[in-house]
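The structure appears right after this line, and notes come after that.
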Amino acid sequence: MQIAKGLVIDRYRRQQVEQAYLDALAHMPEPTAISPEERALTLEVLLRICAALDGLPGRVQQVFLLSRYEGLTYSAIAQRQGIAVATVRKYMLQATQACFAVMADLDASALP
């Protein structure tokens with residue numbers, strides 16, 4: 001039962017990421033549209049980054065999302081979360097390192 005629940009959650013998450021990506025592509029002008037292969041590769045990278053972020057503690061995820069998706073400054077995040085700016089920096093470093101690890105893994109696997 002637990003495995004089935006995990007599979008459903010993974011599928012739902014993948015559909016959310018894929019739909020958000022397709023929505024963003026739909027707003028791109030035609031000359032900058034990308035090929036189906038590039039689209040599939042980009043979606044794979046996004047899913048891996050989402051998985052890496054999901055592996056981080058909840059507060060680290062929240063700080064990263066507040067910074068990257070809501071555009072808040074570190075001081076605004078610190079105030080909203082009730083933590084020090086230095087802690088926000090530490091959390092952002094952890095999240096950024098997780099993203100870079102995904103990219104490094106992809107680069108390493110692309111080598112012949």
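Heavy-atom basis, side chains included; hydrogens, waters and symmetry copies ignored. Starting from 1, each residue takes its place in the sequence as its number. No experiment lies behind these values; they were computed from the predicted model shown.
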| field | With T73 via side chain to side chain donor-acceptor pair (under 3.5 Å) - residues at least two apart | value | S75
| field | Joint cluster assignment, V85 & L93, ILVMFWY side-chain distance < 4.5 Å | value | no
Under 3.5 Å, which donor-acceptor pairs do the side chains of residues 48-59 form with other protein atoms, sequence neighbours left out?
from, atom 1, to, atom 2, distance (Å)
R48, NE, E44, OE2, 3.0
D54, OD2, R13, NE, 2.8
D54, OD2, R13, NH1, 3.3
D54, OD2, R13, NH2, 3.3
R59, NE, Q81, OE1, 3.4
R59, NH2, Q81, O, 3.2

| Pairs involving residues 70-83, ordered by first then second residue, that meet salt bridge (Lys or Arg N to Asp or Glu O under 4.0 Å) (sequence neighbours left out) | E70-R80
| Test side chain to side chain contact (heavy atoms under 4.5 Å, CB included) applied to L46 - qualifying residues, sequence neighbours left out | V17, Y21, T42
| task | Can you see which heavy atom on I77 is nearest to which on V63, and at what distance? | result | CD1-O, 3.8 Å
| said: Could you measure the distance from the CD1 atom of I83 to the CD atom of Q62? Nearest 0.5 Å is fine. | reply: 9.0 Å
| So, T96 side chain and M92 main chain: donor-acceptor pair closer than 3.5 Å or not? | yes
| remark: The side chain to side chain contact (heavy atoms under 4.5 Å, CB included) partners of Q94 (sequence neighbours excluded) come to V60, K90, Y91
| said: With clusters defined by side-chain heavy atoms of hydrophobic residues (ILVMFWY) lying less than 4.5 Å apart, directly or transitively, does L41 cluster with F100? | reply: no
